[in-house]
There are 2 protein chains.
Amino acid sequence: MSNTGNRKGTLKRLAAELELSVTTVSRALGGYTDVADATRQRVLDAATRNAYVPNAAGRMLVTGRSGFIGLLLPLRDRARLDPFLGEYIAGLSEALAERGRDLFMATVASRQSELDVLRHVVESGRADGIVLNRIGECDERVDYLVSRGFPFVTHGRTLEAQDRYSWVDTDGATAFADTFRWLYQLGHRRFGLLSITENMTFRRHREEGFRRAVAEQDDPQVSVVATHVPRFDVAARQQAVHTMLADTARPTAILALTDELALCALELASGLGIQVPDQLSVVGFDNIPESAFSTPGLTTFDQCTREAARQLATLLLDSLDSLDSPDGQSGTTHTLITPALVKRGSHAPAPGAPHTVHGTVPANRATTTTRGSYS
Amino acid sequence: MSNTGNRKGTLKRLAAELELSVTTVSRALGGYTDVADATRQRVLDAATRNAYVPNAAGRMLVTGRSGFIGLLLPLRDRARLDPFLGEYIAGLSEALAERGRDLFMATVASRQSELDVLRHVVESGRADGIVLNRIGECDERVDYLVSRGFPFVTHGRTLEAQDRYSWVDTDGATAFADTFRWLYQLGHRRFGLLSITENMTFRRHREEGFRRAVAEQDDPQVSVVATHVPRFDVAARQQAVHTMLADTARPTAILALTDELALCALELASGLGIQVPDQLSVVGFDNIPESAFSTPGLTTFDQCTREAARQLATLLLDSLDSLDSPDGQSGTTHTLITPALVKRGSHAPAPGAPHTVHGTVPANRATTTTRGSYS
DNA sequence: GGATGTATCCGAAACGTTTCGGGTCACAGT
DNA sequence: ACTGTGACCCGAAACGTTTCGGATACATCC
């Protein structure tokens, strides 16, 4: 007997058992000072004996906080899964768990709109904060959350008005600029840029970083052929990459916006009898697991997804805390992660180029800018 | 003006605006019949105009359901992430979203006990049901949920008393038995079994399937060397695999319980100058992304993680629905998925063996057993 | 004209928690 | 004896929803 059989442990039950008021039991458990030590001990004992856990709904209703952080998860129908989802979620929930919150997935089914789901989550009070990713150049989700004044952070950023909110992003511009310079130093002059059609901001940054470096070099010998392929259409992707490779004046160095594109180039090159890296260098971006196992191994940039996720979580939690604290001053924080280049076997000096000094490699560093808004 | 500025849309506000009672508004939105069509229309209009979304806590408190399904997610400290987490979560939340529920991660930080976290989730009422994975031969989490009578499903199963709950599992026993027979027909006689130390039930099933097939063959020429390596210790793993490969009478065929082990074998074999598949066949299990890119490509079994996850979700939702329905009869359902063999380049007839007929390959099929409990 | 039915609406309770504003009591100070 | 002063405790309201059991008004039926 004793505790078992006591379905549903509520404060009321506990209070009845102890012949105390609900108030006192609540305050004893809450650590308030106006309850006698002896009483508190009795309450604590009874609570552990009955394995009491406060009801989430009751607490939520009165405190207005759910203890949840929502991650908006669009399921583009049946397409290949974001290769980072696992790492991402692990990083987020790890950091959240350390500070007593949990993550939930606000799943967006194929026929729903992301904005609708987001609105529901926010208005229903199921989340204390939101993590957004796959940010477009203009993003209505961001606009909504900003205008609604709801706490959130993003992985990636919009093209403009980035100081309205806190974000963590990868510095693709610098990475691509550095890569161009490095490959240029290796003697490459004919470049291919494998990009995507999707209107994500990271595309813009990476392309612009590359083009800026090209412009800076100001070498008339440098030629660039760029192609944009839909991210989730395998046939179209292969077609586009094939076109680039089959050209007689094909590039000697290809920069791909994602590893998927780079791996596709590797595969097609091998099919066309093009030697990588002797005749063609390929550099990717993301460092997905497969890229360590391709032949040759893919030289690429590591995204540090898990670390980025941890930073996102911390950022969001900090801003929630500062909302609670009496001085509700909350600025926005922006973190740019410079991804680390992972050198594997898919790059080499340009064919026929003299063996020059190896170029300098972008180092791994992170920049954080915090700016308060005192409006 | 109009709607904006109306912070927090509650039923009370809506009722005031419409000069109706809270009850009527609630019933109008709830689709009850005892409200006039004209009134319902007015209510519906006002609700959309104000973008009304019911407060989750309020509803939760009175209905006792949270709309959430919990996934217990242990974060073994910093170890390599479960390669399937992403697919897994995608499959689950996809199927859940179709039926109006969402997934949340009950994260188990490194210092917490899984059981404690589970208890908190259950007793706090934050989840309507639970998904458990990484099931051990005896699993205290399963025991707790069963005795508590809380709805849950598992991916994998305990060794005994499996009919106490619903599960989805991969038929590793059949897969390993079939694989042995197949490799035997290919002429292999010296086998290596790369297993794990962890006490997961799938280990037992796969090993026993293999050993049963060996026993059935009853060929004195067949020899088996087995080794158990810790799953998350890279050095120990390499050491163990190296020992197996460095032996002069080393196996000609290695069956690995996971792709990670198989890939390790592939890598070390190449380092030792052992030709795969001519001198050594390696078969893995899981079909992780990397295994398509190894050299040679790894022959392995596909887990169909996403599909398994979908089945898990459906199973759980069905059982929740049947709890709600008047006839609360709820049985348990058990689904065994026979994984599909993915033939790539890491297998071949035994060295020196005559080129025999290729053995039959296990086909992909699924068996579902439903058994009601009418006690 | 009274009884019965029907269509429409509402008051109030309940879910479990937190918290504000007291209340009681004993004891010390004057 | 009266007033303060802590120490300790509690009643009641509030959060937003659902739902049970009426209540009202009006038409219909015998």
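Residue numbers start from 1 in every chain, and the chains themselves are labelled A, B, ... in the order their sequence lines are given, proteins ahead of strands.
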(request) Ignoring backbone atoms, establish whether B:T10 has a side-chain N or O less than 4.0 Å from OP1 or OP2 of D:dC15. (result) no

(request) Give a yes/no answer on whether the side chain of A:Y32 brings an N or O atom under 4.0 Å of OP1 or OP2 in C:dT19. (result) yes

(message) Given D:dT17, C:dT17, D:dC10, identify the nucleotide with an atom nearest to the side chain of B:L11.
(response) D:dT17

(message) Between A:T39 and D:dC9, is there a contact of a side-chain N or O with OP1 or OP2 at under 4.0 Å?
(response) yes

(request) Would you classify A:A36 as touching base, sugar-phosphate or nothing, given that sugar-phosphate means primed atoms plus P, OP1 and OP2, and contacts are heavy atoms under 4.0 Å? (result) sugar-phosphate

(request) Whole angstrom is fine here: how far is it from CZ in B:R59 over to P in C:dA14? (result) 22 Å

(request) Using a cut-off of strictly less than 4.0 Å, decide whether B:T23 has a side-chain nitrogen or oxygen near OP1 or OP2 of C:dG11. (result) no

(request) Decide whether a cation-pi geometry holds between B:R306 and B:Y88; the criteria are a distance under 6.0 Å from NZ or CZ to the six-membered ring centre and an angle within 45° of the ring axis. (result) no

(message) Looking at C:dT18, I'd like to know if its phosphate oxygens (OP1 or OP2) sit under 4.0 Å from a side-chain N or O belonging to A:S26.
(response) yes

(message) Between A:W167 and A:I135, is there a side-chain heavy-atom distance shorter than 4.5 Å?
(response) no

(message) Under 4.0 Å between a side-chain nitrogen and a carboxylate oxygen: does that hold for A:D143 and A:R164?
(response) yes

(message) Of the listed nucleotides (C:dC20, C:dC10, D:dG16), which one gets closest to any side-chain atom of B:N55?
(response) D:dG16

(message) Side chain of B:L20 only, heavy atoms from C-beta on: which candidate in C:dT19, C:dC10, D:dG11 is closest?
(response) C:dC10

(message) Check the phosphate of C:dT17 against A:K12, side-chain N and O only, distance under 4.0 Å to OP1 or OP2. Yes or no?
(response) no

(request) Name the closest nucleotide to the B:Y52 side chain, picking from C:dG16, C:dC9, D:dT17. (result) D:dT17

(request) Could you work out which one of D:dG16, D:dC10, C:dC9 sits closest to the side chain of A:L61? (result) D:dG16

(message) With a 6.0 Å cut-off (strictly less than), is the heavy-atom count around CG of A:D37, excluding the residue itself, greater than 12?
(response) no

(request) Give A:D34 one of three labels, base, sugar-phosphate or nothing, depending on what nucleic acid heavy atoms sit under 4.0 Å from its own. (result) base

(request) Compare side-chain N and O positions of A:S21 against OP1 and OP2 of D:dC9 and report whether any pair is under 4.0 Å apart. (result) no

(message) Before we go on, tell me: are the rings of A:F68 and B:F68 under 6.0 Å apart, centre to centre?
(response) yes

(message) Please report the distance, rounded to the nearest Å, between CZ in B:R27 and C1' in D:dT17.
(response) 13 Å

(request) In whole angstrom, give the distance that lies between atom CZ of A:R65 and atom C1' of C:dT17. (result) 16 Å

(request) Would you mind reading off the distance between A:M60 atom CE and D:dT17 atom P, rounded to a whole angstrom? (result) 12 Å

(request) Let me know the distance between CZ of B:R13 and C1' of D:dT17, rounded to the nearest Å. (result) 16 Å

